[in-house]
Amino acid sequence: MSDCIFCKIASKEIPADIVYEDGHLVVFKDVKPVAPDHLLLIPKKHFSSPLDFGEEDIETAGRLMVTAARIAREMGFAEKGFRVVCNCGRDGGQTVSHIHYHLLAGRALQWPPG
Ligand code: AMP
């Protein structure tokens, strides 16, 4: 989508601190981290939120979580623990309308979230 900031990160039109990329996904550091490790995982294809996922997108949805787990292992925070969050819609706290999973680690995270 031409006016989507995360599409522009995926296409390298705007810079980001990318830690992993493959043909399907990009993983980059959140510009305003809320934990010592705060990464965002996005599909290169534009989906506004999980509500855009259909049966044909099950592989994409699964790939996001499988990649989150792999990154957690590779970056060394799998053992201590981490959190994967997908904010959805206004009450879910979503501010960027391109689906993204937050991967948070590096401190003990509180529950329930605010
Ligand atoms: P959410 O509020 O769940 O929609 O999360 C959007 C996240 O994107 C926030 O944590 C922002 O800090 C982050 N963000 C917005 N713009 C950028 C950017 N250009 N590079 C990296 N992270 C960004």
Side-chain angles (χ1 to χ4, degrees):
M1 245 172 87
S2 59
D3 62 344
C4 170
I5 189 167
F6 285 179
C7 283
K8 287 181 177 169
I9 286 175
S11 65
K12 314 286 168 52
E13 281 177 68
I14 65 169
D17 196 344
I18 294 175
V19 301
Y20 174 81
E21 179 175 10
D22 62 24
H24 308 275
L25 305 182
V26 183
V27 184
F28 55 96
K29 293 186 181 177
D30 195 295
V31 77
K32 283 188 189 167
V34 298
D37 297 294
H38 186 172
L39 303 172
L40 298 173
L41 294 94
I42 63 166
K44 288 185 170 178
K45 182 177 172 188
H46 184 88
F47 299 89
S48 295
S49 82
L51 295 171
D52 280 356
F53 280 153
E55 292 290 318
E56 66 279 16
D57 303 309
I58 284 174
E59 188 184 330
T60 301
R63 204 180 277 280
L64 284 162
M65 190 59 83
V66 168
T67 304
R70 197 175 71 238
I71 299 269
R73 273 189 227 102
E74 287 175 3
M75 294 188 71
F77 45 76
E79 198 174 322
K80 273 192 163 178
F82 59 94
R83 185 173 294 167
V84 180
V85 177
C86 181
N87 296 326
C88 184
R90 186 192 58 201
D91 282 1
Q94 183 177 9
T95 60
V96 176
S97 293
H98 180 127
I99 190 172
H100 49 281
Y101 286 8
H102 297 258
L103 176 53
L104 302 158
R107 65 175 171 83
L109 298 161
Q110 304 301 306
W111 192 264

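In what follows, every heavy atom counts, from backbone to side chain, and hydrogens, waters and symmetry copies are set aside. Both ligands and their constituent atoms are indexed starting at 1 by order of listing.
Between H38 and ligand 1, no pair of N/O atoms sits closer than 3.5 Å. At a 3.5 angstrom cut-off on N or O pairs, G93 counts as close to ligand 1. Considering backbone and side-chain N/O of V31, one or more are found under 3.5 Å from N/O of ligand 1. Taking any N or O of Q94, backbone or side chain, none lies under 3.5 Å from an N or O belonging to ligand 1.
Looking at heavy atoms from C-beta onward, Q94 lies out of side-chain contact with C86 at the 4.5 angstrom threshold.
Contact atoms of ligand 1 toward K32: 12 (O) (distance under 4.0 Å to a heavy atom of the residue). The V96 neighbourhood of ligand 1 comprises atoms 4 (O), 6 (C), with distances under 4.0 Å to a heavy atom of that residue. Remark: ligand 1 atoms within the under-4.0 Å shell around heavy atoms of T95 are 1 (P), 2 (O), 4 (O), 5 (O), 6 (C). For ligand 1, the atoms closer than 4.0 angstrom to any heavy atom of F28 are 21 (C), 22 (N). Within the listing of ligand 1, atoms 8 (O), 13 (C), 22 (N) sit less than 4.0 angstrom from a heavy atom of L40. Residue-ligand proximity, H102 to ligand 1, at heavy-atom distances under 4.0 Å covers atoms 1 (P), 3 (O), 5 (O), 7 (C), 10 (O). Using a 4.0 Å cut-off to heavy atoms of K29, the atoms of ligand 1 that qualify are 21 (C).
Only the side chain of N87 comes within 4.0 Å of ligand 1, judged by heavy-atom distances.
Linking ILVMFWY residues whenever their side-chain heavy atoms come closer than 4.5 Å, directly or via other members, places F82 and Y20 in the same cluster.
Remark: aromatic rings of H100 and H98 are distant, center separation not under 6.0 Å.
Protein heavy atom in closest approach to atom 10 (O) of ligand 1: D30 OD2, 2.5 Å.
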